[in-house]
Structures are given as C-alpha cells and as structure tokens.
J.: 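Below you'll find the structure I mean.
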Amino acid sequence: MCGVNVTFSKPVHKSGDWVEGKDVKRQKSIKIVRKSELEITTPFGEHLPWGGFANATSISKYSGSEECSARIDEWLGECLTDHKICNERSPGCTDMEGPKRVIDTGPLDGDLALKLIDYPGSEENLVKYCALSYSWGKEEENFKTTRETYDSRRRGIRLEELPWMFRDAVAISRRVGCRYLWIDAICIIQQDREDWEIEAHRMYSIYGNAYLVIAASHSPSPSSSIFATRPPIARFNFNCAGKTFKISVKERVDHDIWQARERYDFRTVPLHSRAWAFQERLLARRVIHYGPSELVWECKKYIRCECSGIQWPVQSLDYKPGRSLKSERAWHSIVTQYTARQLTVGSDRLPALSGLAKQFAFPQMGRYLAGIWYSQLPDALGWTISGARKPKKYRAPSWCWSSLDGPIHYVTHGCAKEVHLIEANCTPAGDDPYGEVSDGYIIVKGEFGPVNKAGHRADDYDMPVSEEEDVWALKMDFSDWNIWYSLLLKRSRRVEGAWERCGIGIRCLLCREREDGNSHCIALIPGAFFGID
Ligand SMILES: [Zn+2]
Ligand SMILES: [Zn+2]
Ligand SMILES: [Zn+2]
Ligand SMILES: [Zn+2]
C-alpha cells in the first residue's frame with residue numbers, strides 16, 4: 001500500500017551522522033528511537049480533492065471479531081464458487097487420502113463435543129476438515145496424544161483441557177462450517193515412530209486436501225491465542241470543500257512479510273521461521289493467516305489482506321511448483337527458502353520437505369535423491385552452506401545438501417558443465433521415496449586434482465578437514481566472470497576408495513589472492529573417474 005508515510009521520529013545520533021563499520025566507541029553514542037511509520041488512508045470510493053491518500057478497507061480491532069469472520073466468509077465464498085483451481089485436485093496427485101484421524105467437534109447445529117475419531121471420509125468422498133499450521137513452542141505447552149492418552153482422547157476431550165490456540169482453532173473451524181479439525185499433536189500419536197512415519201508421509205494430502213488451513217502465524221506457541229488485538233487506529237472526519245471525509249491513521253502495516261520469502265525477517269511472524277510450516281503453506285489449497293496486524297487470505301488463485309493492501313493473483317509469484325514447469329530454478333528456490341527455516345528435530349530435514357517433493361515429482365524430474373532431482377544433476381551439486389553443522393547420525397550422502405544442517409544457497413545456475421554424470425542413487429530408509437535415506441552414491445567423470453591447502457582456513461570448507469587430510473578438487477565450471485567453481489573432496493572414511501564432499505572451491509580453486517601476489521593453482525587430471533560417498 002502506498003499511503004502517505006509520516007515519520008514521527010528518526011534515529012538520533014549525537015554527532016549527527018550515520019555510524020558505519022566497527023567503531024565501537026562511536027556506536028555507544030547512538031540513541032535508538034523506534035521509527036514508526038504511519039499510514040493515512042480513506043475508505044474505498046472516497047477521494048480527497050487533492051488525492052494522495054490511499055484507499056484501505058477498515059481493519060477490525062480484534063482478529064477474533066465477527067467482522068473478521070465475515071471477511072473470511074467472503075473470501076472463502078468467492079474461492080469456493082469462482083476459483084476452479086482451488087477446487088480441483090492437485091496436478092500429479094495420486095495420493096488423495098485424508099488424514100488417518102481427525103478431531104470431531106460435534107454436529108455444527110448442536111453442542112460442542114470433542115473427541116478423536118478415525119477420519120470419516122475416503123478417497124472418493126473427502127469429508128471436509130480444517131488443518132492447523134502452528135509453532136509447537138515448548139514441548140510441555142503442547143497437548144499431545146500418546147499411547148497412554150489415546151483411549152481417553154477417543155472417549156472425549158474437554159475444551160478446557162486444550163491450550164488456548166487449539167480452542168481458538170476449534171472455534172474458527174466451526175465458524176467456517178467444518179465439523180472436523182486436524183491438529184498434529186492430537187491426531188498423530190506422539191512418540192510413536194510408526195504412527196508418525198505414516199502420517200508424515202501424508203502431509204501432502206493432509207494439508208493439500210484440507211478445506212481450509214488455519215495458520216496461527218503470529219502465535220509463538222499453543223499456549224497463546226491465535227487471535228490478536230490490532231494496533232490502534234485513529235479515525236476522524238475531515239471537512240473539505242463542503243464534504244466530509246473519513247480519515248484513518250494507523251501504524252504502517254508490513255505487507256512484505258507475506259510475499260518476500262527470500263527475506264528472512266521472521267520476528268513478527270514466528271510461524272514463518274518453522275521449516276514444517278513452509279510446506280504446510282505451499283501445499284494448502286487455501287490458508288487463512290492470522291497475522292500480527294491483519295488477516296491474510298491465500299489460495300491457489302489469490303493472496304489478499306484485510307486492509308486490501310495485498311490483492312495479487314498467485315500466478316505472479318513463482319513458488320507454486322505445480323503452476324510452473326520452470327521447475328529447476330523453482331526447486332532450488334524452494335530449497336534455499338526451506339533451509340533458512342528452523343527444525344527442532346534435525347532428522348526431519350527430509351521428511352518436512354517430503355510433501356513439496358511429492359508435489360514436484362513430475363516424470364521429467366527423474367528420481368528424488370535426498371533433496372536433489374536426478375534430472376538436475378550434476379548442476380544440483382553446486383550448493384554451498386553457511387555455518388554447516390554435520391549431524392551425529394548419518395543422514396544422506398555428502399553430495400546432498402540434506403547431509404548437513406544449515407541454510408543452503410546455490411552457487412550459480414548451470415554451474416557443473418564440466419562434470420559428467422555416470423550414475424547416482426539413494427536408498428530410502430522407509431517406504432517413502434521422499435523421506436529419509438539410509439545410503440547413497442554418485443559416480444561422475446571429470447577433471448580432478450589435488451589442492452594446495454597452504455593458505456586455506458578451516459572455514460573455507462563446509463566440513464572439518466584435518467591437517468593430514470588431502471583435499472582434491474573436481475572441476476565444475478568456469479563462469480563469465482573468470483571464476484572457477486570446483487567441488488572439493490576428501491577421502492571417505494565411511495566407504496573405502498570413495499570421496500566425500502567437503503566444500504565448493506571458488507576462484508583459482510579456493511585459494512585467496514594473497515596480498516603478496518602469491519596465488520596457488522592446482523593440477524587437474526583430465527578424465528578421472530570416481531565415486532562420491
Ligand atoms: Zn481460491
Ligand atoms: Zn493489508
Ligand atoms: Zn541449476
Ligand atoms: Zn589458488
């Protein structure tokens with residue numbers, strides 16, 4: 001929304017200029033005053049004679065209000081009647097089952113009566129349910145179903161037992177006409193590995209088939225409400241040229257948090273920092289986001305906010321994978337965004353992305369290899385990682401980004417033209433080809449040679465490399481800017497005769513240009529042929 005932004009206060013610095021760099025003494029003299037931008041708007045249809053103010057729809061004081069429910073009805077109604085794409089089954093989708101269990105909240109025209117039941121629908125007859133997307137917070141705040149509590153949950157659940165957020169979800173679900181609600185903590189038996197695996201593999205259909213996904217976006221944990229009290233709005237009448245105009249003044253609403261997923265400012269929307277929630281949002285046919293200052297509706301066709309500052313067709317955003325077959329870049333973008341988010345359980349790195357992988361599994365993508373598509377090899381080897389941490393337990397082969405914890409970036413597009421792929425494979429650990437893996441390898445052919453390690457620092461590599469270990473480089477490509485990329489490898493300790501990825505070499509194969517002009521080069525052996533563990 002453009003609006004008119006009035007800056008009430010600005011950062012104050014005693015010496016009157018901006019501070020840059022690491023001058024700690026000077027930084028101490030800064031007094032930071034919160035910069036608060038105001039937005040002045042008029043209702044739609046009203047235009048002040050001199051123009052300038054944007055139109056906005058009025059925002060209710062509280063997101064649990066009747067006005068907000070009416071707004072959701074309006075969006076939902078339009079989506080159900082006018083949006084063909086939101087009401088058809090997802091492309092390439094074969095697994096159309098609903099969840100295994102749901103919470104039955106009781107007949108909509110009768111009293112609330114909560115209990116855990118088996119999902120009453122089937123593949124032919126999808127019974128509508130809402131699904132909750134939320135931040136788990138601390139374990140003890142959550143209300144979980146375990147083997148011990150399972151029978152009692154099936155007999156009944158008292159509303160007062162539920163944490164605040166879940167009670168709100170029950171109310172929202174019933175208000176939009178859904179008797180059934182899915183919440184993972186209650187519908188999946190916790191600490192039961194087998195039950196969890198079955199349901200984790202169904203996230204694609206659980207979120208993809210939900211009538212509406214309720215996103216508790218601003219709530220940090222189940223013990224807080226889904227609803228929020230909005231920042232105050234000053235409203236006054238303004239008389240001008242014999243007419244009266246309604247003017248609203250409020251703190252500027254940040255709309256970027258909903259669209260710019262490449263920016264990782266998660267402070268106001270804790271749910272966006274959660275890795276699991278990433279696919280929950282992208283898989284959903286429709287989501288209602290309960291944001292910090294307004295509601296945001298997102299379906300496969302539109303994204304819209306309560307103040308009307310956001311009204312974009314979803315086609316303009318390129319992340320909905322089913323919509324675009326520019327899948328190679330789209331997948332890299334998914335991986336970059338996904339890995340910037342937090343996971344509580346490290347071994348979920350592949351499972352929490354498995355629903356999106358399933359959505360991407362068009363025949364032309366080839367096999368899925370622990371986060372990498374076969375058709376995108378050897379290019380997909382060109383990833384780097386910031387602040388890599390290697391998990392204690394084996395997770396994936398070293399050439400797959402999923403083998404490490406940390407945010408992933410791709411070096412460049414088409415960065416492995418010099419590498420020839422011979423073969424690659426991963427062995428799924430369970431039934432799900434998009435879930436965890438137990439083993440894997442890649443065999444490539446290319447120019448390969450030892451790296452002069454002198455002058456390298458430990459953080460030049462993604463993986464620890466000891467003094468005694470030799471590092472070799474596999475030539476990947478030469479970019480337009482005279483930059484060489486190479487895959488850095490060391491001998492595998494796990495598999496005899498194989499190599500293990502330990503980083504990406506950039507420019508004269510990693511060595512920095514020294515101030516004394518002494519740069520190193522490596523010898524490449526053309527046509528070497530080897531496997532990477
Ligand atoms: Zn829609
Ligand atoms: Zn808005
Ligand atoms: Zn690429
Ligand atoms: Zn060098």
Side-chain angles (χ1 to χ4, degrees), residues 1-5 36-44 53-63 65 67-68 70-91 93 126 128 130-131 133 176-178 207-215 217-218 227-233 235 248-261 265 268-269 272 280-317 319-323 359:
M1 153 141 338
C2 46
V4 171
N5 295 328
S36 153
E37 286 185 343
L38 296 180
E39 197 167 66
I40 305 174
T41 56
T42 55
F44 279 93
F53 293 168
N55 294 129
T57 309
S58 157
I59 289 180
S60 169
K61 281 180 189 148
Y62 175 62
S63 52
S65 68
E67 280 161 279
C68 283
R71 203 69 201 282
I72 297 169
D73 285 344
E74 193 186 299
W75 285 324
L76 181 60
E78 191 196 303
C79 180
L80 290 170
T81 48
D82 299 346
H83 302 170
K84 194 165 164 276
I85 189 161
C86 304
N87 296 291
E88 64 195 14
R89 297 192 165 190
S90 307
C93 186
L126 286 170
K128 66 185 187 181
C130 287
S133 178
V176 297
C178 268
Y207 283 94
N209 285 335
Y211 180 69
L212 179 67
V213 171
I214 302 164
S217 310
H218 85 97
F227 305 127
T229 302
R230 277 72 183 278
I233 303 174
R235 293 191 174 91
S248 299
V249 182
K250 64 173 189 301
E251 201 172 307
R252 194 182 72 85
V253 173
D254 185 0
H255 286 125
D256 293 346
I257 55 175
W258 302 106
Q259 61 159 345
R261 289 168 190 190
D265 184 356
T268 53
V269 191
H272 288 184
E280 291 164 6
R281 177 179 180 182
L282 295 195
L283 292 172
R285 55 176 74 199
R286 47 186 89 91
V287 190
I288 183 75
H289 302 275
Y290 282 84
S293 47
E294 57 172 351
L295 296 176
V296 173
W297 171 269
E298 184 175 21
C299 65
K300 289 192 175 175
K301 201 161 169 72
Y302 277 110
I303 175 160
R304 283 180 168 149
C305 73
E306 210 178 325
C307 82
S308 307
I310 301 178
Q311 298 195 69
W312 305 305
V314 164
Q315 284 91 325
S316 65
L317 309 170
Y319 58 80
K320 290 271 176 179
R323 312 299 310 274
Q359 194 172 45

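Atoms within a ligand are numbered from 1 in the order they appear, just like the ligands themselves. Heavy atoms only: backbone and side chains are in, while hydrogens, waters and symmetry mates are out.
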J.: Taking all non-hydrogen atoms of both residues into account, name the closest pair between Lys300 and Ala284 and its distance.
T.: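 Reported closest heavy-atom pair: CE-O, 4.0 Å.
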J.: According to side-chain contact (heavy atoms from CB on, under 4.5 Å), who are the partners of Thr57, at least two apart in sequence or on a separate chain?
T.: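 Here the qualifying residues are Phe44, Arg71, Ser308.
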J.: Give me the protein N, O or S atoms that fall under 2.8 Å of the Zn ion (ligand 1), sorted by chain and residue number.
T.: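 Per the 2.8 Å query on the Zn ion (ligand 1), atoms found are Cys79 SG, His83 ND1, Cys86 SG, Cys299 SG.
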J.: Please note down the angle at the Zn ion (ligand 2) between OE2 of Glu294 and SG of Cys305, to the nearest 10°.
T.: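 The two atoms form an angle at the metal of about 100°.
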J.: Using only atom types and a distance under 3.5 Å, with no angle test, would you say the side chain of Glu306 pairs donor to acceptor with the backbone of Ser60?
T.: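 Here the side-chain-to-backbone pair exists.
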J.: Restricting to side-chain contact (heavy atoms from CB on, under 4.5 Å), what partner residues turn up for Thr42, sequence neighbours left out?
T.: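 By the side-chain contact (heavy atoms from CB on, under 4.5 Å) rule, Thr42 matches Glu46, Leu48, Phe53, Asn55, Ile247.
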J.: Keeping the roles fixed (side chain from Arg285, backbone from Gly208), state whether a donor-acceptor pair exists under 3.5 Å.
T.: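 Checked: pair present.
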J.: By ring-ring contact (aromatic ring centres under 6.0 Å, His included), which residues pair with Phe227, not counting sequence neighbours?
T.: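 ring-ring contact (aromatic ring centres under 6.0 Å, His included) check on Phe227 returns Tyr62, Tyr290.
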